[in-house]
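See structure below.
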Amino acid sequence: MKFVISVQASPQSPASRRALKFAQAVLSEGHEILRIFLYQDGVCNATSIPVLPQDELDLGVAWAEFIQQHQLDAVVCVAAALRRGILNTAEAQRYGRKASVLSDSWELSGLGQLHEAIQQADRLVSFGGS
């Protein structure tokens, strides 16, 4: 089965942790993830800035490692990211900002990427949101 996973919850939300656990389970059961898409506050899962206490799970790092390990297509909604100050190098230069904070595992793109993946998938599973 082919899945698209959409995450709209911040890294502090239990929904984000559930999304990662679900993604891990999907692959461990032999299914395919076509795309992971971060939207709304979920885009905060893609930033490289937070430094958490050693006894807490750093979901941003966990997502990045998971994506790299499995060579997954991971997309962050550019409009939601810009609103929250999450920029890649190109967007930082475009808007005259001093730093990019998007983790290298993620790509900025639009909602069209979500729509395209949904058309090819058997299931869309969303976590969080309002």
- Task: Measure from the side-chain N and O atoms of Ser16 to the backbone N and O of Ala9, and report whether any donor-acceptor pair falls under 3.5 Å.
- Result: yes
- Query: Same cluster for Leu59 and Ile67 if Ile/Leu/Val/Met/Phe/Trp/Tyr side chains link at under 4.5 Å?
  - Reply: yes
- Heavy-atom pair with the smallest gap, counting every atom of Gly128 and Gln8: O-OE1, 3.0 Å
- Would you please say whether a donor-acceptor pair under 3.5 Å links the side chains of Ser10 and Gln12? yes
- Item | same_hphob_cluster(Leu72, Trp63) at 4.5 Å side-chain heavy-atom cutoff | yes
- Query: Going only through I, L, V, M, F, W and Y residues with side-chain contacts under 4.5 Å, is there a path from Val43 to Leu52?
  - Reply: no
- If you round to the nearest 0.5 Å, how far is CD of Glu91 from CG of Leu108? 6.0 Å
- Task: Might you point out which heavy atoms bring Val101 and Gly85 nearest each other, and give the distance in Å?
- Result: CG2-O, 3.5 Å
- Task: Could you tell me the separation between the CD1 atom of Ile33 and the CD atom of Gln71, rounded to the nearest 0.5 Å?
- Result: 13.0 Å
- Between the CZ atom in Arg35 and the OG atom in Ser109, the distance rounded to the nearest 0.5 Å is 7.5 Å
- Between CZ on residue Arg17 and CZ on residue Phe127, distance to nearest 0.5 Å: 14.0 Å
- Query: Counting N and O atoms only, with roles assigned by atom type, does the side chain of Arg123 sit under 3.5 Å from a partner on the main chain of Met1, one being a donor and the other an acceptor?
  - Reply: no
- Message: So Leu111 and Tyr39, do their side chains get closer than 4.5 Å, heavy atoms only?
- Response: yes
- Message: Within this structure, what is the CG-CD distance for the pair Leu34 and Gln119, rounded to the nearest 0.5 Å?
- Response: 11.5 Å
- Task: Examine Ile5 and Val75 and state if one hydrophobic cluster contains both, with Ile, Leu, Val, Met, Phe, Trp and Tyr joined whenever side-chain heavy atoms are less than 4.5 Å apart.
- Result: no
- Task: Heavy atoms only: give me the nearest Gly110-Phe37 pair and the separation to one decimal.
- Result: O-CE1, 3.6 Å
- Message: Would you say CG of Asp104 has more than 12 non-hydrogen atoms from neighbouring residues, nucleotides or ligands within 6.0 angstrom?
- Response: no
- Here the pair of heavy atoms bringing Val76 nearest to Ala81 is CG1-CB, 3.8 Å
- Item | Parallel, tilted or perpendicular, as decided by the 30° and 60° cut-offs, for the rings of His31 and Phe3 | perpendicular
- Message: Going by side-chain contact (heavy atoms from CB on, under 4.5 Å), Asn45 matches just one of Ile86, Leu38, Ile36. Which one?
- Response: Leu38
- Note on the structure: In short, Leu87 meets Ala99 closest at the heavy-atom pair CD1-O, 4.2 Å
- Message: Distance check, rounded to the nearest 0.5 Å: Ser103 atom OG versus Ile49 atom CD1?
- Response: 11.5 Å
- Heavy-atom distance under 4.5 Å between the side chains of Arg18 and Phe22, does that happen here? no
- Determine, using the 4.5 Å side-chain heavy-atom cutoff (strictly less than), whether Val7 and Leu27 are members of one ILVMFWY cluster. yes
- Message: Give me the atom names and distance for the closest heavy-atom approach of Gln120 to Lys2.
- Response: O-CD, 3.9 Å
